[in-house]
Each structure stands twice: as C-alpha cells, then as structure tokens.
Amino acid sequence: MESKISIFLPTSNLCNLLVLVFFCFAACPSLGRLSFNFYATSCPAAELMVSNTVRAASSNDPTIPGKLLRLLFHDCFVEGCDASVLLQGNGTERSDPANTSLGGFSVIDSAKRVLEIFCPGTVSCADIIALAARDAVAIAGGPAFQIPTGRKDGRISNSANVRPNIVDTSFTMDEMIKLFNSKGLSLDDLVTLSGAHTIGLAHCSAFSDRFQQDSKGKLRLVDTSLDITYAEELIRKCPAGGSSTSNTVSNDPETSFAFDNQYYGNLLAHKGLFQSDSILLEDGRTRKQVEEFANNEERFFRSWGESFLKLTTIEVKTDNEGEIRQSCSFTN
C-alpha cells in the first residue's frame with residue numbers, strides 16, 4: 001500500500017500547506033497548472049461565496065452534499081474537471097441517460113450568479129464544482145482542506161464520451177482498476193473514493209441486477225454476497241413492479257447523511273448497496289484497506305483528502321485551453 005502524507009490543512013499552518021504542495025506536485029501532475037488561493041487577488045471571497053451557497057442549500061435539503069459529490073465525479077471522469085457536465089443541449093453529457101439522475105445543478109448555478117455579481121468573468125464553473133464538492137463533504141461531517149484552483153471551463157460536451165468513462169455498478173474489480181488507472185488514479189484511490197457512497201441516494205435500477213423476479217412476480221436475492229436482512233429491506237423499498245427509475249434508497253443505510261467511515265463498516269457487514277461496492281471486500285487486493293478504513297475513520301479521512309485532490313486535478317484545462325463561462329449551462 002502506498003505511503004500517505006497527511007493533508008489536513010489548518011489554513012494558518014504554512015508548514016502543512018508546503019508539505020501538501022510538495023506531495024501534490026509528485027502525485028498530481030496537473031497540479032502544477034493550478035495554484036492554491038488562485039483568486040486571492042481577483043476575487044478574495046470566491047471560496048467563501050461557494051461555501052455559503054452550499055451550506056444554505058444543504059440546510060434546506062440534506063441530499064445536496066451527496067448530489068454535489070456525485071456531480072464532481074461525473075464531471076472529472078469525462079473530459080476532465082472542466083464543467084462539461086453542466087452544458088445543456090442535445091448530445092451533451094448532461095443529456096445522456098447515465099446523467100439524467102444527476103442533481104445539484106441549481107446549487108452550482110446559484111454560486112455562479114453570486115460570483116458574477118461580485119467578480120464578473122473571474123471564477124470558472126469547473127472551480128465551483130470542485131469547491132462545492134469539497135465543501136459538501138465538510139458540511140456533511142467529513143474532512144476540510146484546501147484544494148488548488150485555476151481551472152478553465154471546457155467548450156466540448158459529448159454524450160458519447162459518458163458511458164466509456166464512468167463506473168457502472170456492475171463492473172468487475174479489473175474493469176474498475178482499468179478505468180481508474182486511465183484517470184491517473186491508483187488502487188488505493190479506488191477504495192478511498194468509493195467512500196463517497198457514505199452519503200447520497202441511489203435509484204433502485206442501479207442495483208436491480210442483484211435480484212431476480214420469480215414466477216410469482218416477487219423479487220428474490222440472487223447475489224449471495226449481500227446480507228439477507230439488508231436484501232429484504234431493499235426489496236421492500238424497491239418492490240417488483242415499482243418504479244426502479246424514480247424510487248431511491250440511501251447508499252449508506254446506517255448514517256445516510258453523514259460523511260464518515262460507516263460505508264466501510266457496511267461492507268464488512270455485507271451491506272454494500274452496489275455490486276461494485278461489495279467486490280471491494282471480496283477481492284484480496286482491496287479487502288485490507290476496507291478493513292483499515294472501517295476501523296479507523298481518521299485514516300480514511302487522511303486518505304480521502306489525498307485522493308480527492310487527485311480526482312479534482314484530472315485533465316484540467318488552463319490558460320487558452322478553456323474559458324470562464326458567463327453561464328455554467330452554455331459556452332460563451
């Protein structure tokens with residue numbers, strides 16, 4: 001397992017910040033194109049404005065943190081972290097069926113409107129997504145830390161790029177490893193970032209492959225890796241004949257809206273919602289890390305900060321490679 005460097009960042013601690021910068025330049029090649037406090041001069045309150053927007057939205061709707069975190073994943077894994085997932089129109093990423101259940105767009109738009117009032121044409125939608133997801137985790141009880149900014153918004157958004165670049169819940173371990181490696185993410189990052197499922201909701205259709213309808217029209221469990229009591233609970237919430245596209249359940253049945261290490265405890269109890277969750281416990285390459293995180297939340301939080309940083313620097317666009325959109329839904 002890779003050695004880890006703590007990235008908890010009290011903003012007043014310059015030494016910790018320098019350690020993080022050193023780590024990041026080694027582990028995140030794209031970071032050299034970004035910088036911490038990028039908006040210190042051009043829009044000093046930018047991060048505060050985003051944080052306040054996320055906090056206000058989350059206080060009204062506790063599902064917002066999970067939505068913002070999922071939005072980040074779907075943005076960064078397709079075309080890099082460039083807000084291409086926000087663009088509207090026929091044939092865009094947002095129009096693909098795999099993205100129709102995404103949420104949190106209104107929060108990003110709200111933050112952008114505020115920023116355009118105080119700092120017009122300055123803060124990219126790509127940075128807003130990354131900052132909003134970072135803040136969403138902290139608001140839900142997870143670790144708080146700094147991330148670099150300076151991303152530009154992409155001008156291309158193609159629905160054909162979505163499916164080959166996001167994890168399907170039925171993926172094998174080898175399929176997940178291959179996809180994560182293609183994004184510059186390691187096996188450790190895969191296990192750590194799967195911890196995003198400690199918050200958020202899932203549609204019944206996302207795990208329907210773990211059940212089968214019998215001759216009497218009732219669902220029965222066919223995936224023996226799933227705890228039977230938990231499976232019965234899922235069947236009650238997602239009955240045969242119900243709407244598998246509109247019904248939802250919590251990713252984490254224990255602490256649904258808290259960003260903690262309960263997800264890994266759920267895996268040990270065979271209560272991983274998706275097949276791609278359960279396989280983390282079953283595979284010898286990842287089981288040890290699952291056990292470590294289940295027994296040590298601080299260890300998970302340290303690893304989360306490092307892996308999250310790598311996630312938010314995937315194929316970033318800077319300088320003339322992108323633009324600062326006036327509206328996050330459309331190119332300039």
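These numbers were taken from a predicted model, which means no experiment stands behind them.
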N/O donor to acceptor pairs below 3.5 angstrom from side-chain atoms of residues 167-174, sequence neighbours left out:
| unit_1 | atom_1 | unit_2 | atom_2 | d |
| --- | --- | --- | --- | --- |
| Asp168 | OD1 | Ser170 | N | 2.9 |
| Asp168 | OD1 | Ser170 | OG | 2.5 |
| Thr169 | OG1 | Ala206 | O | 2.7 |
| Thr172 | OG1 | Glu175 | N | 3.2 |
| Thr172 | OG1 | Glu175 | OE1 | 3.4 |
| Asp174 | OD1 | Arg285 | NH1 | 3.0 |
| Asp174 | OD1 | Arg285 | NH2 | 3.1 |

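Annotation: ring pair (Phe, Tyr, Trp, His ring centres under 6.0 Å) contacts of Tyr39 (sequence neighbours excluded): none. Under the side chain to side chain donor-acceptor pair (under 3.5 Å) criterion, Lys178 pairs with no residue at all, not counting sequence neighbours.
Clustering of Ile, Leu, Val, Met, Phe, Trp and Tyr side chains at separations under 4.5 Å places Leu219 together with Phe207, Phe211, Leu221, Leu226, Ile228, Tyr230, Leu234, Ile235, Val249, Leu273, Phe274.
Considering Arg155, Glu93, Lys317 as possible partners of Ser84, the one that fulfils the side chain to side chain donor-acceptor pair (under 3.5 Å) test is Glu93.
In summary, the aromatic rings of Phe300 and Phe259 are positioned with their centroids under 6.0 Å apart. Aromatic ring centres of Phe77 and Phe180 lie closer together than 6.0 Å.
The backbone N or O of Asn332 lies less than 3.5 Å from a partner atom in the side chain of Glu323, making a donor-acceptor pair. Looking only at distances, no side-chain donor or acceptor of Arg325 sits under 3.5 Å from a matching main-chain atom of Thr331. For Asn251 (side chain) and Thr198 (main-chain N/O), no donor-acceptor pair under 3.5 Å exists by modelled atom type.
One hydrophobic cluster holds both Val85 and Leu179 under the rule that ILVMFWY side chains link at heavy-atom gaps under 4.5 Å. Cluster membership for Leu115 and Leu72, using ILVMFWY side-chain heavy atoms within less than 4.5 angstrom, is shared. Tracing side-chain contacts under 4.5 Å through hydrophobic residues (I, L, V, M, F, W, Y), one never reaches Leu201 starting from Ile166; they form parts of separate clusters. Transitive grouping of hydrophobic side chains (ILVMFWY, heavy atoms separated by less than 4.5 Å) brings Val107 and Phe73 into a common cluster. Ile324 is not connected to Ile128 by any chain of hydrophobic side-chain contacts under 4.5 Å among Ile, Leu, Val, Met, Phe, Trp and Tyr, and they are in different clusters.
Side-chain contact check for Phe145 versus Leu309: every heavy-atom pair is 4.5 Å or farther apart. Side-chain contact between Asn296 and Glu298 is present, with heavy atoms from C-beta onward closer than 4.5 Å. Taking the side chain as every heavy atom from C-beta outward, Lys237 and Asn247 never approach each other to under 4.5 Å. At least one side-chain heavy atom of Arg163 sits under 4.5 Å from a side-chain heavy atom of Pro97.
Contacts classified as ring pair (Phe, Tyr, Trp, His ring centres under 6.0 Å) and involving residues 309-332 (residues at least two apart or in different chains) are not found. Each side chain to side chain donor-acceptor pair (under 3.5 Å) pair with one or both residues in residues 264-280, not counting sequence neighbours, appears once here: His197-Asp277, Arg210-Ser278, Asp252-Asn266, Gln262-Asn266, Tyr263-Asp277.
The existence of a salt bridge linking Glu291 and Arg287 is confirmed by a sub-4.0 Å separation between a basic side-chain nitrogen and an acidic carboxylate oxygen.
Using a 3.5 Å distance cut-off with no hydrogens or angles, the side chains of Ser110 and Arg113 do pair a donor with an acceptor. A donor-acceptor pair shorter than 3.5 Å cannot be found between the side chains of Asp109 and Ser106. At a cut-off of 3.5 Å, with distance as the only test, no side-chain donor of Ser42 or Thr122 sits close to an acceptor on the other residue.
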I'd like to know whether Leu68 forms a side chain to side chain contact (heavy atoms under 4.5 Å, CB included) with Ile108, so could you lay out the CA-CA distance, the side-chain angles of the two residues, the decisive distance to 0.1 Å, and finally the verdict. CA-CA 9 Å; Leu68 291 173; Ile108 304 300; 4.0 Å; yes
Check the pair Ser186, Lys310 against side chain to side chain contact (heavy atoms under 4.5 Å, CB included), reporting the backbone distance first and the verdict last. CA-CA 10 Å; Ser186 67; Lys310 292 172 69 175; 4.2 Å; yes
Candidate pair Asp189 and Ser307, rule side chain to side chain donor-acceptor pair (under 3.5 Å), full reasoning: CA-CA 5 Å; Asp189 296 322; Ser307 295; 2.7 Å; yes
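Between Lys152 and Ser124, the shortest heavy-atom distance links the atoms CA-CB, 4.3 Å.
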